[in-house]
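The structure under discussion appears below in the form of structure tokens.
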Protein chains: 2
Amino acid sequence: MQRVDAGLSVSGTARSRSASIRDVARIAGVSHQTVSRVINRHAKVSPATRERVQKVIDELGFRPNASARALANGDTQSVTVLMSDTTRYGYLATLTGIEEAARAASFSVGIVVIESGSSSHVRAAIENAIDTGGALVVVAFDKTGQLALREVPERIPMAAAVESPASAPPAGAPWCWIDDEAAARDATRYLLELGHPTVHYVALPSTTRSSRRTAGWRSALRRAGIDPPTPLQADWGALSGHEAGVFLSRDPGVSAILCGNDEIALGVLSALHAERRKIPGDVSVAGFDDEPQSAFYTPALTTTKLDFVALGRSCFATVTARLGGEHVEPHPVGTPELVVRASTGSPRRARS
Amino acid sequence: MQRVDAGLSVSGTARSRSASIRDVARIAGVSHQTVSRVINRHAKVSPATRERVQKVIDELGFRPNASARALANGDTQSVTVLMSDTTRYGYLATLTGIEEAARAASFSVGIVVIESGSSSHVRAAIENAIDTGGALVVVAFDKTGQLALREVPERIPMAAAVESPASAPPAGAPWCWIDDEAAARDATRYLLELGHPTVHYVALPSTTRSSRRTAGWRSALRRAGIDPPTPLQADWGALSGHEAGVFLSRDPGVSAILCGNDEIALGVLSALHAERRKIPGDVSVAGFDDEPQSAFYTPALTTTKLDFVALGRSCFATVTARLGGEHVEPHPVGTPELVVRASTGSPRRARS
DNA sequence: GGCGCTAGTGTGACCGGTCACACCAGAGGT
DNA sequence: ACCTCTGGTGTGACCGGTCACACTAGCGCC
């Protein structure tokens with residue numbers, strides 16, 4: 001009979017079984033429970049024992065098995081991010097923020113892409129998180145995300161990155177958002193201060209009854225004594241921005257356009273160019289997000305920098321707080337910051 | 001003494017323990033092993049038993065515990081994606097492809113962002129994947145990814161999305177890539193056919209000794225009997241494209257610029273505008289990737305569509321094949337497709 | 001000197017699956 | 001009638017941790 005040393009197999013087929021807590025215990029001459037105490041930084045271990053065990057752990061390269069740990073105490077130290085099927089900047093930046101914070105806390109991060117059509121896999125993902133004891137972060141900027149958010153049962157540890165809520169959110173709701181209203185108000189005010197008689201708005205689809213971004217724009221206009229024009233409805237992409245741009249370019253009264261995000265703004269820019277309007281001579285354009293590319297649009301886009309990475313970090317902090325049983329009040333994250341570039345300027349004096 | 005029914009607690013604090021395989025077994029009047037056989041679609045279960053057990057499973061909403069399963073047979077049904085810290089389109093599209101394929105195979109997807117500075121957490125992530133029995137996909141388009149790739153030991157199930165290799169890759173290397181050389185050759189040939197005397201190239205950083213994209217561009221020129229000019233070196237962002245664009249715009253002999261990706265192309269466009277060169281009248285510009293925004297640049301960008309989603313799917317297929325012990329030959333994925341838009345055209349007849 | 005207390009350690013069950021193996025009944029062959 | 005084979009099922013150990021609890025030794029204290 002032949003026996004192969006699994007630990008030293010060269011062929012690579014036999015996966016060497018890594019050291020377990022009992023191996024460490026045997027070599028260090030202690031019980032497995034003491035090893036467990038050492039790896040969990042339990043207080044009641046004598047320094048001498050701790051050191052001896054630690055040495056064996058290092059020598060063996062022992063690493064506790066996450067599955068076993070999860071099975072035993074239902075604590076997976078993991079977060080699953082639910083996010084809709086998109087390659088948009090804000091989403092990925094948020095994910096990056098979550099991952100960054102999670103890594104610092106040595107949590108692992110899972111990702112599930114949710115598709116608008118079928119919610120069954122969303123439910124599956126949620127259930128999966130539940131029965132592995134994991135936490136959930138839902139990126140719910142859009143309708144698909146909101147639907148997923150609604151599927152999450154009350155009791156499971158969750159946080160959500162959302163659009164600014166229309167009214168004060170339910171106390172204890174684990175929501176994080178960027179202050180859309182202030183951002184929109186500031187951007188609108190900036191455009192008015194340039195001398196524009198009014199500011200037109202191309203809106204993102206809103207998940208709330210009343211978008212705070214739209215509200216901010218409106219309130220800035222009202223405060224200046226201006227009756228807000230009807231906002232145009234776009235979706236998230238440049239194409240719908242282009243369509244809105246074509247429409248607006250035909251109205252000579254339009255001299256300033258605020259767009260729901262930089263992609264829409266890009267579409268508006270392209271439409272204005274196609275319609276031979278000068279930017280910012282004839283029309284000023286501003287966006288939201290400050291994507292990395294926006295500085296290189298033609299002309300460079302004035303926009304509002306939104307800190308999605310901080311938003312992601314905050315989501316993670318919220319969900320871990322809940323995991324620890326702490327109470328977290330919903331709160332906005334970060335301070336939107338207007339970035340002025342070449343796409344906005346004072347309106348040309350009317351010729352008449 | 002008070003006892004709370006954990007299963008029906010309304011408060012939400014007590015997490016109801018979900019049904020286990022033994023609960024199902026007891027209710028169905030079979031052994032736990034039979035239940036195991038049912039959930040694993042094992043052949044040797046009589047139809048009657050199978051149906052009875054399945055009914056109980058459905059009624060109880062039983063879902064097998066992933067941790068327990070992983071612990072028992074070392075099979076986590078999970079993939080961890082290692083990806084550098086970026087919000088670039090190609091990366092996220094690749095991730096989307098991986099996730100899509102993984103979801104279809106009911107694998108879970110983890111993500112670890114790798115930072116160029118510290119490789120310790122990369123090692124930690126790899127070890128983690130090893131001792132939970134998970135697989136790895138490394139997105140190694142850039143240097144950071146390549147470094148991570150090198151950290152992965154031979155024996156663990158892995159696939160990598162890479163730049164086209166300079167020479168035939170080692171047999172059995174689990175690499176997937178897009179055919180950069182063909183893509184660059186076709187794009188260059190297209191520009192030459194428009195009548196440009198030569199094509200200048202703004203290169204992405206390459207992870208290989210000899211970038212296939214650069215090689216494709218070069219070979220197209222040589223085939224046309226043209227001595228290739230020195231390519232310009234950029235990084236991945238629009239800023240470096242802008243710098244390259246400024247440089248090239250000062251050379252009146254430059255009439256066509258091929259760029260390593262759409263972001264660089266965007267930078268080049270912005271530089272050309274700043275230098276008052278007409279596009280495509282004075283200079284034609286083309287990119288790579290076909291990002292969603294590229295159609296809305298000024299002018300709309302001619303580019304080559306690269307199917308990153310298919311690349312991601314292929315990475316997943318590769319890694320699962322390896323997980324199953326199959327042999328996979330390294331291979332390119334998808335067919336790059338030139339998308340002609342307004343940023344390229346025939347050169348203006350020389351005035352002289 | 002006996003008591004309680006506590007710091008430090010060990011024991012065995014348990015989490016929820018899977019695996020190897022034992023077992024049994026009935027079909028089919030001789 | 002007996003043996004073998006095979007489809008269908010059950011038993012108990014095991015994966016690698018954690019938990020509750022038992023135990024011991026040394027200390028301070030009356």
Side-chain angles (χ1 to χ4, degrees), chain A residues 6 15-54 56-57 60-78 106 127-128 130-134, chain B residues 6 15-54 56-57 60-78 106 127-128 130-134:
Chain A
R15 196 171 236 191
S16 71
R17 178 177 306 298
S18 56
S20 86
I21 204 173
R22 278 163 241 260
D23 297 327
V24 174
R26 190 165 22 76
I27 296 174
V30 296
S31 75
H32 61 110
Q33 177 60 12
T34 299
V35 178
S36 173
R37 283 193 264 257
V38 170
I39 61 183
N40 290 301
R41 288 168 177 58
H42 200 290
K44 304 206 173 164
V45 180
S46 74
T49 311
R50 178 181 305 267
E51 199 186 336
R52 186 153 38 94
V53 171
Q54 189 60 54
V56 177
I57 287 175
L60 261 52
F62 165 79
R63 293 168 42 80
N65 180 312
S67 302
R69 189 170 264 176
L71 178 59
N73 68 1
D75 179 8
T76 34
Q77 301 270 300
S78 73
S106 51
E127 279 170 15
N128 216 47
I130 292 175
D131 51 38
T132 58
Chain B
R15 198 171 232 191
S16 70
R17 178 177 304 299
S18 57
S20 86
I21 204 173
R22 278 164 241 259
D23 296 329
V24 174
R26 190 165 24 76
I27 296 173
V30 295
S31 76
H32 60 110
Q33 177 61 8
T34 299
V35 177
S36 173
R37 283 192 263 257
V38 170
I39 61 183
N40 290 303
R41 290 171 175 58
H42 199 290
K44 306 209 172 161
V45 180
S46 74
T49 311
R50 178 181 306 268
E51 198 186 336
R52 186 152 38 95
V53 171
Q54 189 59 53
V56 176
I57 288 175
L60 262 52
F62 165 80
R63 292 170 42 80
N65 180 312
S67 302
R69 187 170 267 175
L71 178 58
N73 69 359
D75 180 8
T76 34
Q77 302 270 300
S78 73
S106 51
E127 280 170 13
N128 216 47
I130 293 175
D131 51 38
T132 58

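Within every chain, numbering begins at 1; the chains are lettered A, B, ... in the order of the sequence lines, protein sequences first and strands thereafter.
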Query raised in the report: If you find the nucleotide of DNA chain C closest to B:Arg22 and the one closest to A:Arg52, which residue's nucleotide is nearer the 5' end?
Result: A:Arg52
**Report entry** Side-chain N,O (A:Thr34) to OP1/OP2 (C:dG10) below 4.0 Å
**Finding:** yes
Requested in this report: Verify, without hydrogens or angle tests, whether B:Arg52 (side chain) and B:Ala28 (backbone) share a donor-acceptor contact under 3.5 angstrom.
Outcome: yes
Query - Minimum-distance nucleotide to A:Ala72 side chain [options: C:dT18, D:dG16, C:dT9] - result: D:dG16
Requested in this report: Could you pick out which residue, B:Leu71 or B:Ala43, lies toward the 5' side of DNA chain D when each is mapped onto its nearest nucleotide?
Outcome: B:Ala43
Query raised in the report: Has the side chain of A:Asn65 got a donor or acceptor atom that lies under 3.5 Å from a matching backbone atom of A:Ser67?
Result: yes
Report summary line: On a heavy-atom basis, the closest approach of A:Phe62 and A:Ile39 is CE2-CG2, 3.9 Å
Query - A:Gly134 backbone acceptor or donor facing A:Thr76 side chain under 3.5 Å - result: yes
**Report entry** Below 4.0 Å: OP1/OP2 of D:dT18 and any side-chain N or O of A:Asn40
**Finding:** yes
Requested in this report: Looking only at side-chain atoms of B:Ser20, point me to the closest of D:dG16, C:dG17, D:dT9.
Outcome: C:dG17
Query raised in the report: Counting N and O atoms only, with roles assigned by atom type, does the side chain of B:Asn40 sit under 3.5 Å from a partner on the main chain of B:His42, one being a donor and the other an acceptor?
Result: no
Query raised in the report: Among D:dG16, C:dT9, C:dT18, which nucleotide sits nearest the side chain of A:Ala68?
Result: D:dG16
Requested in this report: Using whole Å, report how far CD of B:Gln33 lies from C1' of C:dA20.
Outcome: 9 Å
Query raised in the report: Do any side-chain nitrogens or oxygens of A:Ser36 fall under 4.0 Å of OP1 or OP2 in D:dT18?
Result: yes
**Report entry** Short side-chain N/O contact to C:dT9 OP1/OP2 from A:Ser46, under 4.0 Å
**Finding:** yes
Query raised in the report: Hey, does A:Arg50 reach any base, or is it just sugar-phosphate, or nothing, if we go heavy atoms under 4.0 Å?
Result: nothing
Report task. Between A:Arg37 and B:Pro64, name the one whose nearest nucleotide on DNA chain C is closer to the 5' end. Result -> A:Arg37
Requested in this report: Identify whether any heavy atom of B:Ser67 sits under 4.0 Å from a base atom; if not, whether one sits that close to sugar-phosphate; answer base, sugar-phosphate or nothing.
Outcome: nothing
Query raised in the report: Out of D:dG17, D:dG12, C:dT9, which nucleotide sits closest to the side chain of A:Ile21?
Result: D:dG17
Report task. Side chain of A:Asn65 only, please: which of D:dG17, C:dG10, C:dT18 is the nearest? Result -> D:dG17
